[in-house]
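Naming: A, B, ... by sequence-line order, numbering from 1 per chain.
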Amino acid sequence: MSLLTFELLATEDQARAGVFHTAHGPLATPIYAPVGTQATVKAVTPQQLREVGASLVLANTYHLYLRPGDELIARLGGLHAFMAWDGPMLTDSGGFQVFSLAGHRGEESLRRIDEDGVTFRSHIDGRQHRFTPEKVIEIEQNLGADIAMVLDECAVPDDYDYLKRYALPRTHAWAERCLAAHTREDQALFGIVQGGVFADLREASARHLTALDFPGYAIGGLSVGESKDEMLATLDVTTPLLPAGKPRYLMGVGTPEDLVEGVARGIDIFDCVLPTRVARNGQALLRDGKLNMRNARFADDPAPLDAACTCPTCRHFSRAYIRHLVVAKEILGATLLTQHNLHTMLTLIHDIRDAILDQRFEAFRTAFWDARERKGS
RNA sequence: GGGCAGUUGAUCCGAGCGGCAAAGGAGGCGGACUGUAAAUCCGCUGGCGUAAGCCUUCGGGGGUUCGAGUCCCUCACUGCCCA
């Protein structure tokens with residue numbers, strides 16, 4: 001199979017199982033990517049990532065450009081060598097940072113967007129920088145991930161006029177410029193469909209971008225404040241407009257439920273900080289719920305986080321011990337919970353894939369929701 | 001034996017210096033977290049009541065005052081210093 005192509009192995013209604021061929025090996029989809037913003041998935045080593053079944057890892061253009069610098073990383077052999085991860089990687093463009101830095105902590109906005117790009121101040125030292133589509137591609141090519149993302153504008157999802165007048169035209173123009181600037185043949189550049197929660201905007205965006213023939217398409221601007229129903233309804237109208245022969249990436253999503261429902265709507269790639277972030281904040285994710293490990297009820301609980309789980313954490317450590325680590329603010333607590341949470345997400349997506357390959361995804365989905373309902377009642 | 005300093009909400013530390021149910025920590029309990037400025041953030045932490053509010057609290061006892069954790073007397077205990 002030639003590089004950067006997508007092989008569809010099985011489908012069941014909208015759900016798909018496939019393989020995306022990258023320079024660092026085949027990527028079995030659907031897949032869930034842990035987020036390693038600053039060239040590290042916080043609290044775990046690459047070896048631990050591999051142990052819990054990670055295949056694709058995210059990193060971030062904005063953060064690595066500011067520190068330690070994309071040119072330094074390029075000199076040291078690129079992102080894979082730098083962080084010692086030899087599997088597939090994806091770099092986000094910084095579009096989301098432009099969005100999230102806008103209104104942080106009520107401070108004066110750290111950025112200004114215009115037609116040509118975005119001017120922003122570093123959150124680290126306040127120095128001014130400028131991202132244009134061309135600059136972002138230069139950085140991402142220096143980093144050398146297998147998948148790079150175009151610079152987009154991730155705006156509030158319910159401001160129709162703003163999205164239509166400003167954010168979408170910019171996102172589309174920038175996508176074209178990114179594509180024109182991109183030269184690395186071992187790196188796939190994905191376009192990003194925007195349009196908030198509005199079906200007509202999503203459709204316009206999907207049509208515009210698919211005409212540009214990217215090797216893959218992302219759906220951005222979701223899970224940023226809109227309701228779950230709005231997110232799913234948006235997926236319902238968007239994925240059918242994307243080419244079946246290209247991978248579809250739902251950016252920044254999400255929870256176990258989101259994986260099941262996203263796949264059911266034709267998504268192939270997910271990423272989310274949730275499992276790693278909540279781990280550092282003391283929460284264990286289970287396939288059918290979650291546990292707050294600070295809770296007193298776990299103080300003398302000798303059971304593992306999840307009796308059915310085979311992750312390194314559940315094989316060796318009790319809830320009582322993990323609660324102790326979390327309460328005592330010991331760093332190992334974050335590591336153990338991160339491993340467990342990633343394992344939960346990665347085995348879920350793996351099981352989803354197997355179900356699609358066996359043409360029993362719909363039954364899997366029903367059982368998944370039944371289990372959550374039983375737990376909830 | 002003498003001198004000085006101290007004893008705060010029944011977990012601990014600690015502000016307080018005439019209007020206080022009493023600052024702030026720690027600890028405890030609970031919640032949140034979705035393309036990571038997050039090992040972060042937000043509640044609650046004397047009792048009763050939905051609430052206005054009422055009741056009980058600042059080592060013990062007594063006093064001054066409209067009113068005392070705050071001022072006076074006395075007792076107890078703790079720490080440092082002098083014998």
> Ignoring the backbone of A/T276, work out which of B/rU34, B/rU36, B/rG35 is nearest its side chain.
B/rU36
> Measuring from the side chain of A/K42 (C-beta onward, heavy atoms only), which nucleotide among B/rG35, B/rU34, B/rA39 has the closest atom?
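That would be B/rA39.
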> Find the partner of B/rG35: check Watson-Crick (N1-N3 plus N6-O4 or O6-N4) and G-U wobble (N1-O2, O6-N3) distances, both under 3.5 Å, and reply none if neither fits.
none
> Between B/rG35, B/rG27, B/rU34, which nucleotide gets closest to the side-chain atoms of A/R277?
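Nucleotide nearest to A/R277's side chain: B/rU34.
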> What is the nucleic acid contact for A/G221, judged by heavy atoms within less than 4.0 Å: base, sugar-phosphate only, or nothing?
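Base contact - A/G221 has a heavy atom under 4.0 Å of at least one base atom.
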> A/I192 near the nucleic acid: base, sugar-phosphate alone, or nothing, with a heavy-atom cut-off under 4.0 Å?
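Here A/I192 touches the bases of the nucleic acid.
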> Measuring from the side chain of A/F96 (C-beta onward, heavy atoms only), which nucleotide among B/rU36, B/rC33, B/rG27 has the closest atom?
B/rU36
> Kindly say whether A/E140 contributes a backbone atom to a donor-acceptor pair with the side chain of A/T91 at under 3.5 angstrom?
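Pair absent, no side-chain N/O of A/T91 close to backbone of A/E140.
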> Distances under 3.5 Å only, N/O to N/O: pair up the protein atoms with those of nucleotides 30-32 of chain B.
from, atom 1, to, atom 2, distance (Å)
B/rG30, OP1, A/A296, N, 3.2
B/rG30, OP2, A/A296, N, 3.2
B/rG31, OP2, A/N292, ND2, 3.1
B/rG31, OP2, A/N295, OD1, 3.4
B/rG31, OP2, A/N295, ND2, 2.9
B/rG31, N7, A/R294, NH2, 3.0
B/rG31, O6, A/R294, NH1, 3.3
B/rG31, O6, A/R294, NH2, 2.4

> Partner of B/rA22 by Watson-Crick or G-U wobble geometry, both contacts under 3.5 Å, or none?
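Result: none.
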> Taking the six-membered ring for Trp, are A/H182 and A/F214 closer than 6.0 Å centroid to centroid?
no
> So what does A/E226 touch, heavy atoms closer than 4.0 Å: a base, only the sugar-phosphate, or nothing?
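A/E226: no heavy atom of the nucleic acid under 4.0 Å.
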> Looking only at heavy atoms, what is the nearest atom pair of A/L64 and A/Q38, with distance?
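Reported closest heavy-atom pair: CD2-C, 3.7 Å.
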> In the strands shown, is B/rG43 matched to any nucleotide by a Watson-Crick or G-U wobble pair with both distances under 3.5 Å, and which?
B/rC29
> If pairing requires Watson-Crick or G-U wobble contacts with both distances under 3.5 Å, which nucleotide is the partner of B/rG79?
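The answer is B/rC4, by the H-bond criterion.
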> If hydrophobic clusters are built by linking Ile, Leu, Val, Met, Phe, Trp and Tyr wherever their side-chain heavy atoms come under 4.5 Å apart, do A/F364 and A/L232 end up in the same one?
yes
> Scan A/D258 against the nucleic acid and name what it touches under 4.0 Å (heavy atoms): base, sugar-phosphate only, or nothing.
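Base contact.
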